[in-house]
Structure formats: C-alpha cells, structure tokens
Amino acid sequence: MLDIRWICDNPKTFDKFLSQRGVSAASSVLVDQDAKRRMIQSKLQKLQERRNLASKEIGKAKGQGLDTKILIREVGDLKEKIQVLEEEEKNVSEALLNLLLSFPNNVDEDTPKGRNEDDNLELRKVGTPTQFDFPVRDHVEIGELLCEMDFKKASGLSGSRFVILSGALAKLERALGSFMLDVHTREFDFMEVIPPVLVKSDALYGTGQLPKFKEDLFKTEEDLWLIPTAEVPLTNMHAGQILSEEELPARFTALTPCFRSEAGAAGKDTRGMLRQHQFNKVELVSICHPEKSQEEHERIMEAAEEILNRLNLPYRVMRLCTGDIGFSAKKTYDLEVWLPGQKKYREISSVSNCGDFQARRMKTRFRPKEKKQTEFVHTLNGSGLAVGRCLIAVMENYQNEDGSIRVPDALKSYMDGLDVINVG
RNA sequence: GGAGAGGUGGCAGAGUGGUUGAAUGCACUGGUCUUGAAAACCAGCAUACGUGCAAGCGUAUCGAGGGUUCGAAUCCCUCCCUCUCCGCCA
C-alpha cells in the first residue's frame with residue numbers, strides 16, 4: 001500500500017508508475033477521495049468537540065444542581081448529525097482504503113522497462129548448461145524409471161497437479177530442504193521457524209495476496225486460507241507491532257508446503273511437477289531498517305545463490321522488468337536454474353524488496369533511535385529455494401544414461417552417504 | 001467440545017457512568033545531587049488521524065464490532081483471543 005499523502009503530493013509520478021505496470025492512471029480518483037475524507041472528518045470532529053464540551057458541562061451543572069435541559073437538547077441534536085457523518089466518514093475511508101489496497105507498489109527507478117517476462121534483464125550466468133553424451137530425459141521420465149514419482153495415483157487422490165514422491169526421491173526432497181535450512185541458519189543468520197500454513201485473511205492482506213489475487217488461493221470452510229508461500233506467515237510475524245531498532249533486522253526462514261490454485265495458469269506447464277497445487281519451499285524473509293533494505297536484498301540473493309552453487313547447478317540471474325515484477329515488490333531478482341529436460345532456464349527463486357509497501361499494510365513499524373516518530377520497516381522475501389523445482393533440477397542435471405541419479409556432494413550426508421539413486 | 005476466569009499504556013496493576021488518555025509502581029529518557037557510580041529528588045515518556053507556517057489545538061483508540069446514554073474503560077449484545085479444570089486427540 002502506498003502512502004496516500006505521497007500520492008496527493010506526487011500524482012503524476014504515481015500515474016507514471018502505474019502505466020509502467022500496465023495499469024491506467026488513478027491519481028485523481030484517489031486525491032478526490034482523500035479530500036472528501038478529510039473534509040468530512042474535519043466537520044465531524046468539530047461536532048464531536050462541541051458534544052464533548054457540552055457533555056462535560058452537563059456533568060458539572062448537575063453537580064451544582066442546575067438545570068440542564070437546554071444543554072441536553074443541544075447534544076441530542078448534535079448526536080443525530082454526528083451519527084450521519086460518522087457513517088459517511090466510515091464509508092469514505094473504507095472506500096479509500098480498498099482503493100489503496102488494490103494498487104501495486106512503485107518499482108525502483110532503475111527497473112528495466114518491459115511488458116512481460118520476455119523483457120526481463122539477464123544480469124549474469126553462473127555455470128554452463130550441463131552437457132550429456134546421451135539423450136537426456138526429463139524428470140517425469142526419470143521419475144517413472146525410478147518408480148518413485150507417481151502422478152496417476154496422486155490425481156486419484158487429489159486431482160490434477162499433485163504428485164506422490166516415494167523412496168529415495170522423497171528422501172532427496174527432504175534432504176534438499178534440510179540442506180537449505182542448514183545453510184541459511186548456520187551461515188546467513190536466519191532464524192528457523194515452523195509457521196502455520198493456514199492463516200487468516202488479514203495476513204494475506206498484509207503481504208498483498210488479498211484482495212487482488214483471491215483466485216490463486218485455496219480457502220477452507222473455516223475462513224482460513226492455505227498459504228501460497230511462507231512469505232505470508234513469516235512477513236506477518238511482527239504485524240501490528242512497533243519494534244525497537246535493535247530488533248532489526250529480523251530474519252526468518254521456513255520450510256513449508258505452499259498451496260496455489262493457479263487458476264490463471266490452466267494449461268501451462270501441465271507436464272511434470274513444475275507447477276503443482278502443492279509444493280515445498282524454503283522461504284527467506286527479512287524485516288529491516290529502511291536504510292538497510294538494499295544490502296539486505298543482496299544478502300538474501302547471496303543465500304539463495306549459495307544453495308545453487310553448492311549443488312553445482314547452472315543458473316542465471318534475472319532482473320524483473322516493470323511488466324513482470326510482482327504486485328508488492330519494488331525490485332525483484334529471479335534465479336533461473338538450467339533444466340536439461342526442457343533445455344531452458346526456469347524460475348527456482350524470486351527475491352524481492354518490498355520497501356514499506358507490506359509494512360504499511362500490516363502496520364509493522366519501528367522506533368528509530370533518537371526519534372519520537374515511528375517509521376515503517378522494510379520487508380524482503382525470497383525463495384531459498386523452491387524445493388520441488390530444485391528436485392527437478394537435481395534429477396535432470398545429475399542424471400545418468402540408465403536413468404539413475406548421482407547424489408550431489410552437498411547432499412550426501414543428508415542421504416546416509418548414498419551416491420546414486422538407482423533405477424529400481 | 002463442556003465448565004469457569006479474564007483481556008486496560010513497554011511491563012505490572014488501579015479504575016463499575018461525568019474534566020480518565022487513563023492512578024500507582026517498574027522500565028525508559030533528560031536534569032539536580034555526586035570525584036564517579038548507586039540511591040534520592042525533579043521533569044518527561046502511547047498510537048493514528050485532522051487542522052495549522054509553527055507553537056499548538058482538536059478527534060479517535062482501555063481485545064474487535066454493535067447498542068444504551070446528554071456522557072462509557074466502566075452498563076447491554078455479538079464475536080475474537082488468553083488462562084485454569086474436564087473431555088477428546090497427534
């Protein structure tokens with residue numbers, strides 16, 4: 001959510017940012033609505049002031065045994081007017097808030113301009129696409145040979161876009177998650193958390209999934225929502241609080257299942273486990289001082305890249321363009337891992353600086369030293385990494401001609417020293 | 001799920017209809033005193049919004065939302081949460 005005062009002061013800039021994301025200008029509506037709100041509020045407050053004064057006088061007069069009829073009638077009149085204005089004020093404020101909640105974050109000035117993912121900027125490549133001297137298989141074929149990846153049985157249980165992993169593959173997925181958490185907690189100072197994967201709508205408003213992206217989410221009958229990413233519970237860890245400066249940065253990491261209904265992506269990536277309704281992900285979240293968010297962003301990138309580096313997976317780093325960057329983000333890097341089965345780089349991590357956009361929504365503030373006024377914190381999040389996709393990457397990059405998979409060195413200790421997952 | 005208790009400022013804890021945004025204590029900040037420290041004493045110390053160049057003034061907020069009343073932290077209703085006991089359960 002953007003600061004309405006900033007929008008009123010910079011309507012042109014606001015509209016420019018919107019157009020870069022392909023959203024039409026909206027500043028005039030917001031500015032008008034805010035002016036209306038302030039007018040009503042001023043009016044209301046004057047009446048309330050008079051009412052409070054008169055009520056106090058009544059109290060005093062009664063104490064002295066004086067007549068209070070006239071005063072009481074005056075307040076009675078005021079009361080009616082106040083009720084009407086209160087109603088109006090509530091409606092106008094709510095409308096303004098709902099408007100504000102529906103607009104995306106401003107992107108950083110140096111964000112590459114573009115319409116969609118094709119216009120993202122490649123910053124660098126690390127490693128080179130894995131070479132094979134035999135016909136490569138994709139993870140679905142390998143999984144079938146291993147008899148440890150079952151889409152049919154999963155769809156019987158749960159419908160399309162689910163998978164059942166078993167045996168060594170299941171263990172490999174677990175190994176990946178543990179390995180990632182260990183790196184982040186030991187080497188990058190993130191605190192491991194096991195958060196709820198069901199959350200109230202407030203949390204989703206806080207991080208920006210609601211109200212705009214309802215269709216992407218699963219909701220329970222009890223008005224709880226399945227998290228689409230651990231970003232939601234982790235970023236909301238301090239929602240509504242005023243932190244002291246010493247508490248920053250707060251860094252959290254969690255391995256959770258993530259649930260996405262992906263209604264808009266029907267027909268996309270239908271093969272394999274690249275796009276599932278449920279997948280595991282290790283998430284990194286940082287809640288930090290506004291002046292530190294840039295360097296914190298790089299730090300999260302470092303942590304995420306470290307995983308790919310240790311697994312020796314070829315990848316590239318992308319800077320998302322104005323047309324592809326997420327709703328809450330002002331700056332985003334994507335990490336794309338090389339998938340030999342597709343002969344393509346595919347997203348395996350997205351690392352975003354959200355500035356104070358989410359903090360404003362969830363009211364996470366801190367008190368700067370030597371200052372009376374509170375300030376909104378900055379929030380950042382990144383995948384470190386998507387475990388399911390990482391499993392795919394390992395399977396495809398570490399495959400042998402017979403369909404067996406070599407276990408990456410970094411994971412051996414997590415696999416009881418197993419070197420190769422053999423076709424069974 | 002059943003029975004009971006309770007949700008007040010950073011914390012503890014008063015306050016059951018009338019200058020109560022809220023006593024008191026602790027914590028914190030500044031000052032006096034002291035060679036320094038401690039102690040003692042004095043002062044300050046919530047958030048958001050509105051208004052104003054500013055000092056300031058005003059409004060709202062005592063879990064949330066409604067209601068009663070001229071006036072609500074205090075009374076009524078609904079919901080949420082926490083604690084204790086019982087039941088159930090991984």
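Everything numeric here is computed off the predicted structure, so don't read it as measured data. In the text below, chain A, chain B and the rest are named by the order of the sequence lines, each starting its count at 1.
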Take atom [atom1] in [N] and the same atom in [M], then report the distance between them in whole Å.
N      : M      : atom1 : result
B/rA43 : B/rA23 : P     : 14 Å
B/rA73 : B/rU61 : P     : 7 Å
B/rU68 : B/rG15 : P     : 29 Å
B/rU34 : B/rA22 : C1'   : 37 Å
B/rG10 : B/rC62 : C1'   : 16 Å
B/rG63 : B/rG6  : C1'   : 11 Å
B/rA60 : B/rA64 : P     : 15 Å
B/rG50 : B/rC41 : P     : 42 Å

Problem set entry | Pairwise distance SG(A/C8) to CD(A/Q33) - rounded to 0.5 angstrom | 11.0 Å
Problem set entry | Rounded distance [0.5 Å steps], CG in A/L176 versus CZ in A/R174 |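 With rounding to 0.5 Å, CG (A/L176) is 11.5 Å from CZ (A/R174).
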Which whole-number value in Å describes the distance from [X] [atom1] to [N] [atom2]?
X      : N      : atom1 : atom2 : answer
A/E89  : B/rU61 : CD    : P     : 12 Å
A/E245 : B/rC28 : CD    : C1'   : 16 Å
A/E375 : B/rU47 : CD    : C1'   : 16 Å
A/R73  : B/rG71 : CZ    : P     : 16 Å
A/L47  : B/rC70 : CG    : P     : 17 Å
A/Q241 : B/rA48 : CD    : C1'   : 17 Å
A/Q41  : B/rG52 : CD    : P     : 13 Å
A/L97  : B/rA48 : CG    : P     : 16 Å

Under a 3.5 Å cut-off for both distances, is [N] Watson-Crick or wobble paired, and to whom?
N      : value
B/rC89 : none
B/rU61 : B/rA46
B/rA14 : none
B/rG71 : none
B/rG56 : B/rU51
B/rA22 : none
B/rU34 : none
B/rG4  : B/rC83

For this session: Specify whether A/H184 and A/F190 have parallel, tilted or perpendicular ring planes, treating 30° as the upper limit for parallel and 60° as the lower limit for perpendicular.
Result: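 Ring orientation, 0 to 90° scale: perpendicular.
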Exercise. Should the ring pair A/F218 and A/H277 be called parallel, tilted or perpendicular, given that the plane angle runs from 0 to 90° and is split at 30 and 60?
Worked result: perpendicular
Distance check: side-chain N/O of [X] vs OP1/OP2 of [N], anything under 4.0 Å?
X      : N      : value
A/R5   : B/rC49 : yes
A/R367 : B/rA46 : no
A/N52  : B/rA60 : yes

Look at all strands and tell whether [X] reaches a base, only sugar-phosphate, or nothing, counting heavy atoms closer than 4.0 Å.
X      : answer
A/K43  : nothing
A/R365 : sugar-phosphate
A/T374 : sugar-phosphate
A/I242 : sugar-phosphate
A/K62  : base
A/I58  : base

Of all the nucleotides listed ([options]), which has the minimum atom distance to the side chain of [X]?
X      : options                : value
A/K79  : B/rU47, B/rU69, B/rC49 : B/rU69
A/R37  : B/rG71, B/rG50, B/rC80 : B/rG50
A/K56  : B/rA60, B/rU19, B/rC49 : B/rU19
A/K200 : B/rC80, B/rG50, B/rU59 : B/rC80
A/R38  : B/rU51, B/rG71, B/rC49 : B/rU51
A/K60  : B/rA46, B/rU19, B/rU69 : B/rU19
A/Q45  : B/rU51, B/rU59, B/rG71 : B/rU59
A/R51  : B/rG50, B/rC70, B/rA60 : B/rA60

Problem set entry | Flag if over 12 foreign heavy atoms under 6.0 Å of CZ, A/R406 |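 Yes, enclosed.
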For this session: Kindly check if the number of other-residue, nucleotide or ligand heavy atoms within 6.0 Å of NZ (A/K16) is above 12?
Result: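 Yes, because the 6.0 Å sphere around NZ of A/K16 holds more than 12 heavy atoms from other groups.
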Exercise. Is the backbone of A/R137 close enough, under 3.5 Å, to the side chain of A/E396 for a donor and an acceptor to pair up by distance?
Worked result: no
Exercise. Is a donor-acceptor pair below 3.5 Å formed from side chain A/E49 to base B/rG58, judging by atom type as modelled?
Worked result: no
For this session: For A/G59 and for A/D34, locate the closest nucleotide of RNA chain B by heavy-atom distance; then report the residue assigned to the nucleotide nearer the 5' terminus.
Result: A/G59
Seminar exercise, completed: Taking for A/L71 and for A/K90 the nucleotide of RNA chain B with the nearest heavy atom, the one nearer the 5' end belongs to A/K90
Exercise. What residue among A/T207, A/T364, A/N236, A/T379 forms side-chain hydrogen bond (donor to acceptor under 3.5 Å, both in side chains) with A/Q358?
Worked result: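 Single pass found, and it is A/T379.
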For this session: Might you work through the ring pair (Phe, Tyr, Trp, His ring centres under 6.0 Å) test for A/H378 and A/F357, ending with a clear yes or no?
Result: CA-CA 8 Å; A/H378 280 196; A/F357 185 83; over 10 Å; no
